[in-house]
Amino acid sequence: MRYDLVIFDNDGVLVDSEPISNRLLAAYLTELGHPTSYEDSIRDYMGSAMHRIHELILERTGQRLPAEFDEVFHARVFAAFERELRPVAGVDGVLEKLAADGVPYCVASSGSHARIRVGHRTTGLDRWFAEERVFSSEDVGRGKPAPDLFLYAAERMGVAPERCVVVEDSPLGVQAAVAAGMDVYGFTAMTPAERLAGAGRLFSDMGELADLLV
């Protein structure tokens, strides 16, 4: 293995949550008077921490989202996850191989700890991710595209940034990993390859990842 730590993004990389959450985000923003299509949500918010959604809406409209926005949105997302969420196809095999080979790995997500845990419990991925392997933008001051989260995860896992590889599916995540001085593998199942151009390698089938990391 060429790396000492594999850092996974969560949404869209471990759990197939992006279609669900972006559908609900677009609907909720539209409901609040900020017309947003599913495609708009994917383009503007995929990979974002919640604070970035608030910042973009304020910047574009001069209006603040309601104080209860995060709570209502997460309640809707968690309910939908319980009904619909599945793991990304092939990711169980990747995690099984990393565990069998003794390769350290973790998750570093823009989502909250609660969101990560609901997704992992629903999909059965919780068996691969003990608490000490889970990092959220809640743990740092700034979410992606700032490098803080990835640097924090590497520090907590005891690995130098240059010995880490990040698996990402969003432009913001790729930017954050590059800024952290880490290699990046871009997962293009949902994101056009040109939007992940900063990644060192691109792949579209999660089942390929274990071999690519060798």
Side-chain angles (χ1 to χ4, degrees), residues 8-88 107-123 125-126 134-150 152 168-177 179 186-192 194-196 198:
F8 291 93
D9 176 41
N10 189 57
D11 293 293
V13 171
L14 296 176
V15 295
D16 194 15
S17 55
E18 295 292 10
I20 299 170
S21 58
N22 282 282
R23 182 187 77 228
L24 293 172
L25 178 58
Y28 190 23
L29 289 174
T30 300
E31 177 185 321
L32 293 172
H34 306 291
T36 305
S37 69
Y38 172 77
E39 291 76 18
D40 293 337
S41 184
I42 291 286
R43 182 192 66 231
D44 294 341
Y45 304 118
M46 183 170 158
S48 298
M50 291 300 292
H51 70 80
R52 188 169 184 273
I53 300 172
H54 287 262
E55 291 164 2
L56 281 178
I57 291 293
L58 179 60
E59 176 185 315
R60 291 173 175 179
T61 70
Q63 300 175 26
R64 295 186 182 277
L65 291 170
E68 68 273 14
F69 180 85
D70 291 14
E71 182 181 355
V72 172
F73 177 62
H74 283 135
R76 294 181 183 186
V77 168
F78 293 173
F81 279 5
E82 297 284 359
R83 297 189 304 268
E84 306 174 41
L85 190 62
R86 300 290 183 271
V88 167
V107 58
S109 172
S110 292
S112 65
H113 278 282
R115 177 179 171 131
I116 297 166
R117 281 302 176 203
V118 168
H120 287 190
R121 186 184 72 249
T122 303
T123 58
L125 293 181
D126 53 346
V134 178
F135 305 100
S136 160
S137 62
E138 290 181 324
D139 301 326
V140 295
R142 299 180 299 168
K144 307 169 190 178
D148 305 36
L149 176 57
F150 289 138
Y152 176 75
E168 264 288 354
D169 72 329
S170 77
L172 293 176
V174 170
Q175 291 173 44
F187 183 43
T188 62
M190 272 196 65
T191 309
E194 59 269 20
R195 296 198 68 208
L196 302 180

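Position 1 is the first residue of the sequence; numbering continues from there. Since the model is a prediction, treat every value here as computed from it, not as a measurement.
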With distance as the sole test, does [X] use its side chain to make a donor-acceptor pair with the main-chain N or O of [Y] at under 3.5 Å?
X    : Y    : result
S136 : G111 : yes
S110 : S137 : no
R52  : G47  : no
T36  : T30  : no

Test log, rule side-chain contact (heavy atoms from CB on, under 4.5 Å), inputs L32 and F69: CA-CA 10 Å; L32 293 172; F69 180 85; 3.6 Å; yes
Nearest 0.5 Å please: distance from the [atom1] atom of [X] over to the [atom2] atom of [Y].
X    : Y    : atom1 : atom2 : answer
I57  : D44  : CD1   : CG    : 8.5 Å
I53  : L29  : CD1   : CG    : 7.0 Å
F8   : L14  : CZ    : CG    : 6.0 Å
L85  : T123 : CG    : OG1   : 5.5 Å
T191 : I42  : OG1   : CD1   : 7.5 Å

Would you say the side chain of [Y] lies within less than 4.5 Å of the side chain of [X], judging by non-hydrogen atoms?
X    : Y    : result
V15  : N10  : yes
D16  : P87  : no
H74  : M50  : yes
E55  : H51  : yes
F187 : V88  : yes
M46  : R195 : no

Heavy-atom pair of closest approach, residues [X] and [Y]:
X    : Y    : result
A80  : L24  : CB-CD1, 3.8 Å
L196 : T188 : CD1-CG2, 4.0 Å
S41  : L25  : OG-CD2, 3.5 Å
S109 : L149 : O-CD2, 3.4 Å
A108 : K144 : O-NZ, 3.2 Å
Y38  : A26  : N-CB, 3.8 Å

Verdict with reasoning, N22 to M190, per side-chain contact (heavy atoms from CB on, under 4.5 Å): CA-CA 12 Å; N22 282 282; M190 272 196 65; 5.7 Å; no
Step-by-step side-chain contact (heavy atoms from CB on, under 4.5 Å) determination, V140 to F135: CA-CA 9 Å; V140 295; F135 305 100; over 6 Å; no
R64 atom CZ: more than 12 heavy-atom contacts under 6.0 Å: no
Heavy atoms of other groups near E71 CD, more than 12 under 6.0 Å: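 Counting neighbours around CD of E71, 12 or fewer heavy atoms of other residues, nucleotides or ligands fall under 6.0 Å, so no.
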Geometric class of the F73/Y28 ring pair [parallel <30°, tilted 30-60°, perpendicular >60°]: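 Answer is parallel, since the angle falls under 30°.
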Listed partners of S170 passing side-chain hydrogen bond (donor to acceptor under 3.5 Å, both in side chains), at least two apart: E168
Polar side chain donor-acceptor pair, D11 to S17, under 3.5 angstrom: yes
Residue that, paired with V118, satisfies side-chain contact (heavy atoms from CB on, under 4.5 Å) out of R115, H120, R121: R121
E138 and R117: CA distance, side-chain angles, deciding distance, salt bridge (charged side-chain N to carboxylate O under 4.0 Å, His left out) verdict: CA-CA 13 Å; E138 290 181 324; R117 281 302 176 203; over 6 Å; no
